[in-house]
2 protein chains.
Amino acid sequence: MDDISVRPARIQDVAAAAGVSVSTVSNVLNRPERVNARTAARVRDAVAALDYVPHPGAAGLRTGHSSSIGLVLPDVTNTFYSRIARGAADAAYDHGYSLVLCHSADAPEREQGYFTMLVEQRAVGAVVVPLSADPTRLSRLRERGIPLVLADRAMSAEDGCSVSVDDMAGGRIAVQHLLERGARDLLVVNGERTIRQCADRHQGARQAVRSRREARLEQVVAKEMTVAYGLEIARRLDDLPDGVFCTNDFLAAGLCRGLAERGVRIPDDVQVVGYGDLDIASFVGTPLSTVHQPVEDLGRAAVEMLLDEVEARAEHAHEARVFAPGLVVRDSTRPASGG
Amino acid sequence: MDDISVRPARIQDVAAAAGVSVSTVSNVLNRPERVNARTAARVRDAVAALDYVPHPGAAGLRTGHSSSIGLVLPDVTNTFYSRIARGAADAAYDHGYSLVLCHSADAPEREQGYFTMLVEQRAVGAVVVPLSADPTRLSRLRERGIPLVLADRAMSAEDGCSVSVDDMAGGRIAVQHLLERGARDLLVVNGERTIRQCADRHQGARQAVRSRREARLEQVVAKEMTVAYGLEIARRLDDLPDGVFCTNDFLAAGLCRGLAERGVRIPDDVQVVGYGDLDIASFVGTPLSTVHQPVEDLGRAAVEMLLDEVEARAEHAHEARVFAPGLVVRDSTRPASGG
DNA sequence: GAACCGTGCGGGAGCGCTCCCACACCTCGC
DNA sequence: GCGAGGTGTGGGAGCGCTCCCGCACGGTTC
């Protein structure tokens, strides 16, 4: 019952069981082509019989490389980040690496603490969504030779790879869609302009409008990108636009509710596009058309770029990979009947 | 610039710099009381000067214990699980352990693969939300002497610790609340009865009703616990109850919308309580009263119980820790004015 | 038959650290 | 003045593994 004290088999045990040397077992496991097929078979039998599981930590001590990757996120609970985590976990699993979850909890000193931990563990690299755009904090990792790729943040190409979504394109396709549906009097409901994403989405929106001379674009800025502020804005709106692009689904959800309160019909009177394709977008009364971001792909790509850097070293060229968002069309821009 | 090749300082380098032996450095770091204060200070200076970072992997090789804990989840993207992850990450951080994120992706073979990985890494233990109630798969870990604590799943006490939320209590307080608000003709909108959580919440609801002779309780089962099915159920309801307990917030959100379509006023005509305190509960038109689960606490407690088992070994007694849910009262059971 | 080569295997050092033990030195007490 | 006891430090083996070599053996070739 209480077999807690069984010591796991070591490579020597396998060697003894198979009647070969430790080196040979190691070779069978790592460079099978060097060893005679019959010997290899014997070794493998012994491995199976003893249920031998190699100890990568010990191997790493010898070889100098570990097999863990850090994933540093401000908040796992946020869907955006947890989707990154999922993508990253999948990729890490596929490549036989383990992912160390580092939840920086929006606290810089904790982020720093995790960096130290990753240095200690000799992690092969890290995927990080940094708390601030200020890159000096990242230097702790970089000066230790731990490669990193940033997610959702730009980084100068000399410093490393990064992955992100093209927010300008997102804003553009959202507004293009509105224009295609016939809207001409457009409103962007945005978050603080200091948030890069918000600025980019707005700029994308402006680009789209520029192509249609007769269209005009207003902007209103919400203090926070929440349902409550969306609602508030809808209530205060003086003259109604015929198309609204909210730079986030929460704002859009609130806005729709506020408009509904005023008796405004969606999409007949006003068409609305959100951003993010969050759960809420499809749950809402009139399901929201929205911009979908391939976030899992970010995570996956991030660890793959990291591993490329680790494995290729010299030949590796840093890359800022930008993913294209897509439009999800739902009822908030789709006439109830017909096309 | 390209200092990628700098080799990190080893304990020997520190020893040399401080003019002491390797053992002394090790002692300063691990059992400072054994070493003279002045020597210790000299060593610490050297550590700082060389920016020495100890290598727990090497230490672990010697001591036999590693410092990583596995966290095996069906899906990081699910809020329930990501909240567990947050709690677990916080606790692990506080105790100086690193958390290895294992995303089993609802695939048993992948879960198994992660178990093997954890065995390889000699993880000190694992917190797992298993894919199936069948415990045999977990044996891979247990027979290797890797302690584990189950989250959100029962486990016989001989086999290990577990953490969970008391779903019966949750159902009870939800319905008690409805009763206190004067509802007597109650309906439970439930998920499949084969889901343990659903069965428990229903049973709790029945317990609560039993205390009020004049109250009655019906149940309707939704195929899936989604907004769509909640909506559907609201549409088909023949005679309206005056209180509804939905065993999940999605169902509740859909139900509310369906009732609103029919002109039913919430909470005036029908009071509604959801379950889970998901984001959606507060976003919805009439914010939902709902049962809140202290999920972060589960995660935190899980790793703490795990560490207790690891550190106390002999004295450790397995425990099935059950957390109490709480009620969050919002508009769906609160008369617009007054109490 | 000697020289050579290729293949397969084993010896053993060493990765960075911990920790047991021995040793040096100092202070007391008698 | 000598042993006992205490304190502080160092030597060195060994954790499980990898990988560089070097050796043995059998087969070619001239």
Side-chain angles (χ1 to χ4, degrees), chain A residues 5-44 46-47 50-68 96 119-124 144-145, chain B residues 5-44 46-47 50-68 96 119-124 144-145:
Chain A
S5 53
V6 291
R7 237 157 120 282
R10 300 153 307 167
I11 199 170
Q12 314 184 26
D13 303 328
V14 177
V20 297
S21 76
V22 170
S23 318
T24 301
V25 177
S26 175
N27 282 333
V28 170
L29 265 24
N30 302 309
R31 280 105 83 224
E33 72 284 359
R34 289 209 192 170
V35 22
N36 179 289
R38 272 233 283 283
T39 317
R42 243 180 31 246
V43 169
R44 269 187 263 273
V47 166
L50 298 176
D51 197 10
Y52 168 69
V53 174
H55 188 334
L61 182 55
R62 181 68 241 261
T63 59
H65 8 277
S66 84
S67 63
S68 64
V119 170
E120 283 180 347
Q121 298 189 349
R122 272 65 171 171
V124 299
R144 287 304 198 139
Chain B
S5 53
V6 291
R7 236 156 122 281
R10 297 152 308 162
I11 198 171
Q12 314 185 26
D13 302 328
V14 177
V20 297
S21 78
V22 171
S23 316
T24 299
V25 177
S26 175
N27 281 335
V28 171
L29 266 23
N30 302 310
R31 282 106 81 223
E33 72 283 359
R34 289 208 193 172
V35 20
N36 179 289
R38 272 233 284 285
T39 319
R42 240 176 39 242
V43 169
R44 268 188 264 275
V47 166
L50 298 176
D51 196 12
Y52 168 69
V53 175
H55 188 333
L61 182 56
R62 179 71 242 261
T63 60
H65 8 277
S66 83
S67 64
S68 62
V119 169
E120 285 180 348
Q121 298 189 348
R122 270 68 169 170
V124 297
R144 286 305 198 141

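As the structure is a prediction and not an experimental result, all values here were calculated from the model.
Interatomic distance, CG of A:L50 versus CZ of A:R10, reported as 10.5 Å (0.5 Å rounding). Here the CZ atom belonging to A:R44 is positioned 8.0 Å from the CG atom belonging to A:L29, to the nearest 0.5 angstrom. Once rounded to the nearest 0.5 Å, the distance linking OG of A:S66 with CD of B:Q121 reads 9.0 Å. How far CG of A:L61 is from NE2 of B:H55: 5.5 Å, rounded to the nearest 0.5 Å.
Note on B:T63: only backbone sugar-phosphate atoms sit closer than 4.0 angstrom, heavy atoms only; bases stay farther off. When heavy atoms are screened at a 4.0 angstrom cut-off, A:V20 is found touching the sugar-phosphate backbone but no base atom. Within 4.0 Å (heavy atoms only), A:N27 reaches no atom of the nucleic acid at all. Using a 4.0 Å heavy-atom criterion, one finds that B:P56 contacts no nucleic acid atom at all.
If you check the side chains of A:S23 and A:S26, you find no donor sitting under 3.5 Å from an acceptor.
At whole-Å resolution of the value, CG in A:L29 and P in D:dC19 are 12 Å apart. Atom pair B:I11:CD1 and D:dG11:P shows a separation of 14 Å (rounding to whole Å applied). Put simply, CD on B:E33 is 17 Å from P on D:dG6, counting in whole angstrom units.
Between the base of D:dG11 and the side chain of B:S21 there is no donor-acceptor pair shorter than 3.5 Å.
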Step-by-step side-chain contact (heavy atoms from CB on, under 4.5 Å) determination, B:R122 to A:V53: CA-CA 10 Å; B:R122 270 68 169 170; A:V53 174; 4.0 Å; yes

Candidate pair B:R144 and A:D51, rule side-chain contact (heavy atoms from CB on, under 4.5 Å), full reasoning: CA-CA 10 Å; B:R144 286 305 198 141; A:D51 197 10; 3.3 Å; yes

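Protein chain B contacts DNA chain C over a range whose 5' and 3' limits, counting nucleotides with an atom under 4.0 angstrom from a non-hydrogen atom, are C:dG16 to C:dC19.
The nearest heavy atom of DNA chain D to B:T24 and to A:V25 marks one nucleotide each, and the one closer to the 5' end goes with B:T24. Along DNA chain D, the nucleotide nearest A:V22 and the nucleotide nearest B:V22 are compared for position; the residue whose nucleotide lies closer to the 5' end is B:V22. When each of B:R31 and B:G57 is assigned the nucleotide of DNA chain C bearing its nearest heavy atom, the one mapping closer to the 5' terminus is B:G57.
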